[in-house]
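Quick note on labels: first sequence line is chain A, next is B, and so on, each numbered from 1.
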Amino acid sequence: MNDTTTGRTERADVAIVGAGPAGLAAAVAAAESGAAVVLVDAAAQPGGQFWRHRPEGIVQERDGRGHHGWKTYLDLRARFDAGRERGQITYLPGLQVWMAEKDDAGFTLRTTPTVAGPVGGPAVAARRLILSPGGYDRQLPVPGWDLPGVMAAGGIQAFLKGNGSLPGRRFVIAGTGPFLLPVAAGIAEAGGQVVAVLESSSPAAWLPHLGAAAGVPEKALEGAEYAAVFARHRIPYRTRNVVTEVLGSGSRGSSRVTAVRSAKVDAKGKVRPGTERGYADVDVVGFGWGFTPQMELPLSLGAETRLDADGSLVGVVNERQESSVPGLFLAGEVTGVGGAKLAVLEGLAAGAAAAVRDDAARAAPGLHAMARHRRFAEAMHRAHPVPAGWQEWLTPATVVCRCEEVTAGQITEAREMLEARDARTIKSFTRAGMGWCQGRVCGFAAACLGQGPAAPPSAESLSSAARRPLAAPVGIGELAALEPSDS
Amino acid sequence: MSTKAQRGAGGPAAAEQPGSPQETVTISFDGRPLTAAPGQSIGSALVAQGIVAWRSTRKGARPRGLFCGIGICFDCLLTVDGATNQRACLVEVCEGMQIEGSCTPDDGSRA
Amino acid sequence: MNQTSDVIIIGAGVIGAATAYFATQQGLTVTVLDKGLPASGTSSACEGNILVSDKELGPELELTRYSLGVWHGDLAEHKKLWEFESKGGIIVASRESSLTSLERVMAAQASYGVVVEKLDPDALRQAEPNITPDALGGASYPEDCQVQPMLVAAHLVRLATEAGARFVADTAVTGFLRAGKRVTGVTTTRGDFAAGAVVNCTGTWAGELAALAGVDVPVLPRRGFVMVTEPLPPMVHHKVYAAEYIDNVGSSDAGLQASPVVEGTPSGSILIGSTRERVGFDRTVSIDALRLLAQNATALFPFLAEVKAIRHYHGFRPYCPDHLPVIGHDERAPGLWHAAGHEGAGIGLSAGTGKLLAQALAGMTPDLDVSPFTPARFGEQARNTSHREEATA
Ligand SMILES: Cc1cc2nc3c(=O)[nH]c(=O)nc-3n(C[C@H](O)[C@H](O)[C@H](O)COP(=O)(O)OP(=O)(O)OC[C@H]3O[C@@H](n4cnc5c(N)ncnc54)[C@H](O)[C@@H]3O)c2cc1C
Ligand SMILES: Cc1cc2nc3c(=O)[nH]c(=O)nc-3n(C[C@H](O)[C@H](O)[C@H](O)COP(=O)(O)OP(=O)(O)OC[C@H]3O[C@@H](n4cnc5c(N)ncnc54)[C@H](O)[C@@H]3O)c2cc1C
Ligand code: FES
């Protein structure tokens, strides 16, 4: 491995992980406050999930069709590019951080290429670290959810934004939360047919939270926009409805999605008998039950966590976005799922705070706006809970861990026979969460199944599911080529 | 593990054109040539040809293709120019790319 | 006061679980207490090898042999529950000097009855086709086998409870009930429990527990990292390790040591173990540990350089300064028993330890003399704390 860059170290005042709305804003704010910044991002170009766009070398998306807040992106991007030109921002795309370390001098990040390449990744060393790694769609297993053609709702959105095409023709979008709306609208506007959007919650769940929502008028506008798209494309939006089974055809090895069974549920997610119906000729099903923030890097550095209103484990931060670990700042989904606007505000605050050399607290800009967005997000979370009764939709044969093919029956057996009541013990006994994705996809569900149907999973159980000593797979050859540490 | 699959920060050099690019690239999937649009991910190129599964699971030989779409789930793994375990949702196609799936041979999903 | 039992077992790792299983088999009423769930300590952060290949002549080898007999005998009917596999171990020498020392060790082991077979380079390549071309030869140990340790602990606890034992989770022992010198039970975060005998099976925490009873049992943590690869088709067929491993096992050096121990698992992942270092209970991931593991593993199996690690974990081996476990009644605190300090061999030794201790608890003479493991070897009276300081030094 002579051509490896594993031995190289990039140094800066502030290191940032993630070039989504939060990370991009943080880089801009830190650089504009005079700091030298290194930003590492797994993707090939900036934008994160929300502003994912087609490869810039091939398609220039000047008008931002299909995007929200594109003006904000263009503004941040221009300032980001200016920072790079000034030599203040070093941008390292296409690299995944697989480990973060803290010592007296600050933080060190270890990186590895996202896509196989001839070189390893450099290390990044900085006094301050801002983690804005975002999140991914939260999933609940259901019979048939591992058939080809079933995707994460956000995955469909990412497919569309990244490729400018759709992964199928006829879609059913299901789960809960306002995010199902832009996914369905995006599909329809791109020429796909949305057979139905099935929302497990109900509009009535909204009423108690209207007050909080009123503080964020732009959300109301967005909602009206989606309503218009739904009307134009005649997309049925069915509340208190869930997918109870995804059906496929074809021999075992070549089966794929062909249809969906659904049912109405009560407020607890219990299926109402006699309300079952089918949707035929479906080739893509998109599931989204909110988002799971990527907590492995904050956890590995010892950041304090809490349970958010949506039941996700998130990092605790102060007004400057600083975590319980001095010098470690968190911004975006990792402090609580709250949308791209909030992520930008948090990024700006974190970037400015991290760039300040003396620790004298400086009131973060945008505190009021952040508070409004957080209230709105909390209202959304409360209106769109994971239905308590979801475990009853499973059969013992339903695969829960897609990587290791661990079934719901195996997990409940481990709970009932072997006292496996948290995600860690379930993993030890059944291998759920031990495969390639390291429990990213099944971790929440496994924690729920360990707890049993009566209560949501505890912070301890979720945090045991979210601990991943390697934040990304890394080549053993790359590890062997690491420089010995000085001590 | 080296491969031509590396996608640089700016993507492969290509004529800048607004809207959809006109040109196509040719890739091969399990030895069979396929046409794709430059800038597409491998996953999207395969799905566009009706190929929705290119891997089978170790235990149940269940077919797998795209799921999370963003590099999280590792369901979409395949071999690109000899580099194993690449994520089809993340790697961009380029001219002449050789792609191999790992479906168990008798399951017909590659047909 | 919770109900009284003949025996209280503190700790539901493999050692406590095996002791509970065999004690109920002896007809004793048993209560198992753990501060967490079954297998929440070192037994869930290790590898599951049952090894004779790394043992030297002495009491530990005797206990290993006895334990192997229990795995194949008393526990044979449950093999499937914990994925018992007779996979065999192979030691590889890649230098002339290590080949010479390996041959010396083999000869000694053969003389006291360990089944060992010399492998010339061809035979070695037949057994492990992907081994380094540098390998000069090796030794094969067909008796070495493997279990899934978390399942061992969990199922032994379950089998014990089905036979009448009581398991109480999330209950930390905070002190001992005494009648004069005699230990008559424990105080816990969930009330008091009384018993005729209390067994300390708390692994790395055994020293802390003993201190609560005012006795010195110098069990210290020795950290070990293990790296886990992506799932692969079978590439490594045995537990394969390098000849230097034997030297590290018996060493008391505090510095970081790693010798390659590479094994395939039924799940397809390859485990790359394991480092040994004395850093107290420090959980900070050590980049040097990962680098050493990677370097050693790729030296043994070059193909691994192209393979991805998907996770790593670490555990704290419970060890005593003389590298022997502590098994038996503690005369210094009558009523208190210990079964702890099994270091890097607790999984393999659990079956034998549990059976022997259960015999002693039932008032029988154990099948094997456990006096070499007596707690009395740590001196008469009050504990001294110097070991603890040493551990963090
Ligand atoms: C698939 C998906 C699609 C979405 N689409 C929409 C949408 O259309 N509309 C909407 O309102 N909301 C959408 N969301 C929600 C939206 O992403 C968030 O509200 C917002 O983007 C959060 O911004 P962020 O900066 O916190 O994280 P993100 O935008 O997720 O950015 C995080 C960045 O960090 C990188 N990263 C993560 N871990 C590492 C690591 N270890 N090393 C290096 N880089 C790393 C990621 O690759 C990513 O580029 C989507 C979410 C997902 C998961
Ligand atoms: C990296 C590594 C690799 C290893 N590989 C092997 C191998 O291949 N083969 C092998 O044989 N051995 C191996 N070992 C060693 C083996 O793991 C240990 O010897 C064994 O697990 C010890 O078991 P135990 O039951 O004594 O301790 P533990 O499993 O730690 O159990 C102790 C239990 O006591 C409980 N406890 C502690 N304090 C209290 C309290 N106050 N109140 C109530 N409960 C309490 C804990 O919660 C825990 O469940 C390895 C160890 C490591 C670290
Ligand atoms: S689809 Fe999940 S990693 Fe590619």
Side-chain angles (χ1 to χ4, degrees), chain A residues 42-45 49 52 54-62 91 93-94 96 113-118 136-137 139 146-152 154-159 162-165 167-168 250-257 283 294 399 402-405 435-437 440-441 473 475 477, chain B residues 1-3 5-14 16-21 37-41 43-44 47-48 52-53 56-75 77 80-81 83-87 89-92 103-104 106-111:
Chain A
Q45 54 188 28
Q49 304 307 347
R52 182 184 286 275
R54 301 182 62 192
E56 289 164 14
I58 303 216
V59 183
Q60 298 285 305
E61 297 186 48
R62 293 201 180 85
Y91 171 49
Q96 288 180 297
T114 307
V115 169
Y136 40 84
D137 295 84
Q139 295 297 338
D146 63 333
L147 286 166
V150 176
M151 289 183 72
I156 296 174
Q157 185 81 328
F159 189 105
N163 296 294
S165 60
S251 67
R252 185 185 179 80
S254 64
S255 52
R256 55 177 294 174
V257 171
D283 60 354
Q294 305 223 57
V399 166
R402 302 166 62 97
C403 298
E404 295 297 303
E405 301 170 79
W436 266 108
C437 90
R440 285 175 173 88
V441 178
Chain B
M1 277 185 197
S2 76
T3 167
Q6 173 115 32
R7 170 161 95 169
E16 263 190 31
Q17 285 172 323
S20 285
Q40 258 186 320
S41 68
S44 128
V47 168
V52 297
S56 346
T57 58
R58 278 172 293 128
K59 290 182 194 152
R62 295 180 171 90
R64 291 277 200 266
L66 294 177
F67 178 66
C68 75
I70 59 167
I72 290 294
C73 73
F74 295 84
D75 259 354
L77 297 179
V80 180
D81 291 336
T84 54
N85 296 321
Q86 298 302 301
R87 285 165 282 182
C89 63
L90 297 183
V91 183
E92 203 177 295
C103 282
T104 41
D106 59 350
D107 68 5
S109 71
R110 291 197 255 166

- Test salt bridge (Lys or Arg N to Asp or Glu O under 4.0 Å) applied to A:R256 - qualifying residues, sequence neighbours left out: none
- Can you name the residues that form a salt bridge (Lys or Arg N to Asp or Glu O under 4.0 Å) with A:R440, not counting sequence neighbours? A:E296
Heavy-atom pair with the smallest gap, counting every atom of [X] and [Y]:
X: B:F67; Y: A:V150; value: CD1-O, 3.3 Å
X: A:V441; Y: B:C73; value: CG2-CB, 3.7 Å
X: A:T114; Y: B:R87; value: O-NH2, 3.2 Å
X: B:R64; Y: A:P148; value: N-CG, 4.3 Å
X: B:P63; Y: A:S255; value: CG-O, 3.6 Å

- Message: Can a donor-acceptor pair be found, under 3.5 Å and without considering hydrogens, that links the side chain of A:E405 to the backbone of B:T57?
- Response: no
- Query: Under the side chain to side chain contact (heavy atoms under 4.5 Å, CB included) criterion, do B:R58 and A:E404 qualify, and how do the steps go?
  - Reply: CA-CA 8 Å; B:R58 278 172 293 128; A:E404 295 297 303; 2.7 Å; yes
- Message: If I measure from the heavy atoms of chain B, does A:V257 come under 4.5 Å with its side chain, its backbone, both, or neither?
- Response: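 It is neither, since no heavy atom gets under 4.5 Å.
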- Query: So which part of A:D146 gets closer than 4.5 Å to some heavy atom of chain B, the side chain, the backbone, both or neither?
  - Reply: both
- Item | Residue among A:C437, A:A42, A:A158 with most heavy-atom pairs under 4.5 Å to chain B | A:C437
Could you grab the distance from atom [atom1] of [X] to atom [atom2] of [Y], nearest 0.5 Å is fine?
X: A:M151; Y: B:I70; atom1: CE; atom2: CD1; value: 10.0 Å
X: B:C89; Y: A:F159; atom1: SG; atom2: CZ; value: 10.5 Å
X: A:D137; Y: B:I72; atom1: CG; atom2: CD1; value: 9.5 Å
X: B:L90; Y: A:Q96; atom1: CG; atom2: CD; value: 7.5 Å

